[in-house]
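Let me begin by presenting the structure, written as structure tokens, before commenting on it.
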Amino acid sequence: MTTPDLNRAFFDGRRVLVTGATGGIGRRLVAALRQAGAQVTVLTRSPARAAALWPDAGVRVLVGDLTDAASLAGAFKGADAAAGFDLVFHLASHAPPPGRRDVYQDPAHWPVTAEGTGHLVDAAVAAGVQRLVYLSSVKAMGDMAGAGDTPADESTPAAPDSLYGQAKLAAEQRVLQARRHGLHVAVLRLPMVYGLGGQGNLARMMRAIARRRFPPWPPVANRRSAVHVQDVVRAALLAASDPRADGETFLVTDGAEYATRWIYERMCVALGRPVPRWSLPLWAWRLAAGLGAVAERLSGRAMPLTPDALGKLTGNACYSADKIRRQLGFVARHRLDDEILHMAAEHASARAGGRRQMTATKG
């Protein structure tokens, strides 16, 4: 079964509100909605940033804060929203400041993500919104869910082990409860998302390898799921338009499983580097991670390698997207090996641009 084409007739002229629109996924979702003919409004705490992203006035901007229920109610009922919204895509969540330690345990996740989603749902119900799609995370299931020998699926019991995951699960439940008010609702759980340009862990890994700051990775046979941002957008649009998605939670992946060693080798090849014949043993990585944890405690700043970060590189985080394939016919169109080639090309282009600028400056 192949993924149905975008139902443009469904989105053409439809009034859509997007939260978290200025993020990496949100910007691409807004672009897809506009291309499909939707009338897009973004809800943000940073109107200046939104205006900079969409200076052509093709996107309306409403100011609102998830932690302030009154501001959301006002945004939905205000003059700028007088026409109302048919559909809400909810992507917004708390983003800890850069360099913060243990970002998944930030206390602000609960008031923003859990309670804030409740405020958004209440405002949407009161305003007569018909459909709401929430983009969540596999963290709502807990790290142990994807750590087993077989991929976790939607029937795997959710046991989030971080404040971030707990807040995400509470937000999911609040969205699904809105179905009793007659809303079409759907939840998408995402693993690692790639295709975000220079953002994300994969981009940082690519830069570290290019700068020879990532020692040869050992042949650990772990398995991790991932998904391209454009496939996330396609899945979100499908969940909003397909009646079979109503009341459902779906895991969204590209259908493949990736080992960190495989990623390391592909990045070396894409960068034009030979794959080293040796690797730094895992015990050395563990020692370095322990030293990183000590440095983090002493400095109060996030370190690039800690036991938690090493666990992400060595452990499993594997999930099945069979449900969304069976029920909605969704099949991802992107794979990570193609994205790695694209990332390497972008890196080479950026380096060449930097050299030209340096030469011009010296001249």
Across all chains, not counting sequence neighbours, the side chain to side chain contact (heavy atoms under 4.5 Å, CB included) partners of Q39 are R15
Kindly indicate whether the side chain of [X], heavy atoms from C-beta on, has any atom under 4.5 Å from the side chain of [Y].
{"X": "Y164", "Y": "V103", "answer": "no"}
{"X": "L163", "Y": "D106", "answer": "no"}
{"X": "R325", "Y": "V331", "answer": "yes"}
{"X": "S162", "Y": "H109", "answer": "no"}
{"X": "L43", "Y": "L120", "answer": "yes"}
{"X": "L237", "Y": "L29", "answer": "yes"}
{"X": "V42", "Y": "T22", "answer": "no"}
{"X": "K168", "Y": "S93", "answer": "yes"}

Is it true that [X] and [Y] fall in one hydrophobic cluster, defined by side-chain heavy atoms closer than 4.5 Å?
{"X": "V138", "Y": "V175", "value": "no"}
{"X": "M144", "Y": "L190", "value": "no"}
{"X": "L280", "Y": "I209", "value": "yes"}
{"X": "L251", "Y": "L238", "value": "no"}
{"X": "I324", "Y": "V193", "value": "yes"}

Check the pair H228, R333 against side-chain contact (heavy atoms from CB on, under 4.5 Å), reporting the backbone distance first and the verdict last. CA-CA 8 Å; H228 193 280; R333 295 175 179 170; over 6 Å; no
Roughly how far, to the nearest 0.5 Å, is the [atom2] atom of [Y] from the [atom1] atom of [X]?
{"X": "Y134", "Y": "T19", "atom1": "OH", "atom2": "OG1", "result": "8.5 Å"}
{"X": "L169", "Y": "T113", "atom1": "CG", "atom2": "OG1", "result": "12.0 Å"}
{"X": "I25", "Y": "L196", "atom1": "CD1", "atom2": "CG", "result": "6.5 Å"}
{"X": "D86", "Y": "H184", "atom1": "CG", "atom2": "NE2", "result": "12.5 Å"}
{"X": "W110", "Y": "H94", "atom1": "CH2", "atom2": "NE2", "result": "14.5 Å"}
{"X": "K312", "Y": "M192", "atom1": "NZ", "atom2": "CE", "result": "12.0 Å"}

In terms of ring plane angle, is the pair F85 and F76 parallel, tilted or perpendicular, where the classes change at 30° and 60°? perpendicular
For [X] versus [Y], what's the shortest heavy-atom pair and its separation?
{"X": "S320", "Y": "P151", "value": "N-CB, 3.8 Å"}
{"X": "N316", "Y": "R224", "value": "C-NH1, 4.2 Å"}
{"X": "P191", "Y": "T253", "value": "CG-CG2, 4.1 Å"}
{"X": "L202", "Y": "I263", "value": "CD2-CG2, 4.0 Å"}
{"X": "F10", "Y": "S241", "value": "CD2-CB, 3.5 Å"}
{"X": "W54", "Y": "R27", "value": "CZ2-CA, 4.4 Å"}

Steps toward side-chain hydrogen bond (donor to acceptor under 3.5 Å, both in side chains) verdict (D308, T306): CA-CA 5 Å; D308 183 59; T306 63; 5.2 Å; no
Is a side-chain N or O of [X] found less than 3.5 angstrom from the main chain of [Y], in a donor-acceptor match?
{"X": "R131", "Y": "D246", "value": "no"}
{"X": "R179", "Y": "V185", "value": "no"}
{"X": "R28", "Y": "G24", "value": "yes"}

If we ignore angles and hydrogens, is there a donor and acceptor under 3.5 Å between the side chains of [X] and [Y]?
{"X": "D254", "Y": "Y194", "value": "yes"}
{"X": "S155", "Y": "D153", "value": "yes"}
{"X": "H119", "Y": "E115", "value": "no"}
{"X": "N222", "Y": "T260", "value": "yes"}

Cationic N near anionic O, under 4.0 Å, [X] to [Y]:
{"X": "R244", "Y": "D242", "result": "yes"}
{"X": "R189", "Y": "E154", "result": "no"}
{"X": "R174", "Y": "D122", "result": "yes"}

So with a 6.0 Å cut-off around CZ of R45, is the heavy-atom count from everything else above 12? no
Step through the shown structure and confirm whether more than 12 heavy atoms of other residues, nucleotides or ligands are within 6.0 Å of CH2 on W283. no
Start with the C-alpha gap between L33 and F11, add the side-chain angles, then the distance that decides, and say whether side-chain contact (heavy atoms from CB on, under 4.5 Å) holds. CA-CA 7 Å; L33 287 166; F11 292 100; 3.8 Å; yes
Identify, with sequence neighbours excluded, every residue that meets side-chain hydrogen bond (donor to acceptor under 3.5 Å, both in side chains) alongside T117. H90
Show the numbers, then the answer: is there a side-chain contact (heavy atoms from CB on, under 4.5 Å) between F214 and R204? CA-CA 10 Å; F214 197 97; R204 285 190 286 272; over 6 Å; no
Which other residues belong to the hydrophobic cluster containing V275, where Ile, Leu, Val, Met, Phe, Trp and Tyr are joined when side-chain heavy atoms lie under 4.5 Å apart, directly or via other members? V269
Using the side-chain contact (heavy atoms from CB on, under 4.5 Å) rule, take D337 and W262 through it: C-alpha gap first, then chi angles, then the decisive distance, then the call. CA-CA 10 Å; D337 36 356; W262 180 92; 3.7 Å; yes
